[in-house]
Participant: 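Dumping the structure here so I can ask a few things about it.
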There are 2 protein chains.
Amino acid sequence: MSISSRFAVGIHILTLIEFNKEGVTSSEFLASSVNTNPAVIRKLMGMLKKAGLIEVNPGIAGAKLAKELSDITLFDVYKAVNVVQEKELFSIHETPHPNCPVGRNIQNTIEPIFTAAQLAMEKVLRNVTLEDVVKDIATKENIC
Amino acid sequence: MSISSRFAVGIHILTLIEFNKEGVTSSEFLASSVNTNPAVIRKLMGMLKKAGLIEVNPGIAGAKLAKELSDITLFDVYKAVNVVQEKELFSIHETPHPNCPVGRNIQNTIEPIFTAAQLAMEKVLRNVTLEDVVKDIATKENIC
DNA sequence: AATACATGTAATCATAATTGTTACAGATAC
DNA sequence: GTATCTGTAACAATTATGATTACATGTATT
């Protein structure tokens, strides 16, 4: 099991909008860089727009960032593209048998541990911004 | 997307083996508590056995723990039941376009961040043992 | 040996999520 | 009005999950 690549593609989209900020960043342009279908990109753009991360309008070509680079964390993107729900990174079997001491308690015992693990993962994402990503790529391209 | 309930069920199995340590813990008995099919349990028992967490033998009813409770972490169970591969909690789109500065760098830039997030999650699992789980349930049952 | 019962394992199925594809409606600019 | 873009829905291919059935294999008991 893996978390959907919508997350990675969402980061790609936002990063490329920044790199191409002087130009027009259409869904087709983005799709070419990501190597996927423009409709896939437009669906993701809709999610990013709904989350207030980009500005994009019907009929008008190109998307723009709606916030400062340093003000968008990877956690924001992660939430925007809806890859993992709150407290649902781990799934727990639904109906264990209530006549068994383990069966009737396992869910309540495990749930806070799973939630803590999920939060620890998400904390890492909160501590990385798009600015970090853009700068890292700029460094790799020697254009810093 | 959620991580397979094999993980939660694996914890359930090991915990119930401990609670029933005076008796015979067969796949049918476990299946009844988990509320699933015995064949599902036997498949998981095979994984737990392969990881050295339980002892179980063909033809002989019942499974036993192969280690001390305090010596089995939830991370051990997580690895045993094979729910998430190393560095693969997050998936990254495979073939971005190499002619684009973002396309040719995004994978290498994102991968260490994703790995760090996965490791943070797994660290929480490493710090919880089956003993913790068993004691928590015992407390809830007022049999501590 | 024969029987009963357990584990080990493969095949199959229903369901759900993901990703890509096509198509088209609606909005904008020229 | 035409061209171009976004927004969105419908559909298909692929994959993972979890349940189910069936049966081979191993052990204990009689």
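Here is the naming used below: chain letters follow the sequence lines, and residue numbers restart at 1 for every chain.
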Participant: In whole Å, what is the span from the CD atom of B/Glu88 to the C1' atom of D/dA16?
Facilitator: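 To the nearest whole Å, that distance equals 14 Å.
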Participant: Quick check for you: name the first and last nucleotides of DNA chain C, 5' to 3', having an atom under 4.0 Å from a heavy atom of chain A.
Facilitator: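 Span of nucleotides near chain A: C/dT18 to C/dT28.
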Participant: Can you find a side chain N or O atom of A/Arg42 that sits less than 4.0 Å from OP1 or OP2 on D/dC5?
Facilitator: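 Checking D/dC5 against A/Arg42, no side-chain N or O comes under 4.0 Å of OP1 or OP2.
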Participant: Report the stems of DNA chain C as range-with-range entries sorted by first number; a stem here is at least three consecutive pairs, Watson-Crick or G-U wobble, both distances under 3.5 Å, and write none if there are none.
Facilitator: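 Stems (3+ consecutive pairs) listed as C:1-30 with D:1-30.
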Participant: So which of residues 7-18 of chain B are in contact with DNA chain C, with a heavy-atom cut-off of under 4.0 Å?
Facilitator: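 Under 4.0 Å from DNA chain C: no residue of residues 7-18 of chain B.
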Participant: For the residue pair B/Phe7 and A/Phe114, does the interplanar ring angle fall in the parallel (under 30°), tilted (30 to 60°) or perpendicular (over 60°) class?
Facilitator: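 B/Phe7 vs A/Phe114 ring planes: parallel.
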Participant: Given that A/Arg6 and B/Lys43 both sit by DNA chain C, which one's nearest nucleotide is further toward the 5' end?
Facilitator: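 Per heavy-atom nearest nucleotide, the more 5' residue is B/Lys43.
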Participant: Heavy-atom count around B/Lys21 NZ within 6.0 Å, excluding the residue itself: above 12?
Facilitator: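 For B/Lys21, atom NZ is not crowded (no more than 12 foreign heavy atoms under 6.0 Å).
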Participant: Which of residues 48-60 of chain A have a heavy atom under 4.0 Å from DNA chain D?
Facilitator: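 Listed by number, they are A/Lys49, A/Val56, A/Asn57, A/Pro58, A/Gly59, A/Ile60.
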Participant: Taking only distance into account, with no hydrogens and no angle test, what donor-acceptor pairs under 3.5 Å do side-chain atoms of residues 99-106 of chain A form with protein atoms, sequence neighbours excluded?
Facilitator:
| from | atom 1 | to | atom 2 | distance (Å) |
| --- | --- | --- | --- | --- |
| A/Arg104 | NE | B/Glu141 | OE2 | 2.7 |
| A/Arg104 | NH1 | A/Pro98 | O | 3.0 |
| A/Arg104 | NH2 | B/Glu141 | OE1 | 2.9 |
| A/Arg104 | NH2 | B/Glu141 | OE2 | 3.4 |
| A/Asn105 | ND2 | A/Pro101 | O | 2.8 |
| A/Asn105 | ND2 | B/Glu141 | OE2 | 2.7 |

Participant: For DNA chain D, which residues of residues 21-41 of chain A approach it to below 4.0 angstrom with any heavy atom?
Facilitator: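 Correct list: A/Ser26, A/Ser27, A/Ala39.
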Participant: Locate the shortest heavy-atom distance separating A/Leu89 from A/Met121; write the atom from each residue and the value.
Facilitator: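 Heavy atoms of A/Leu89 and A/Met121 come nearest at CD2-CE, 3.9 Å.
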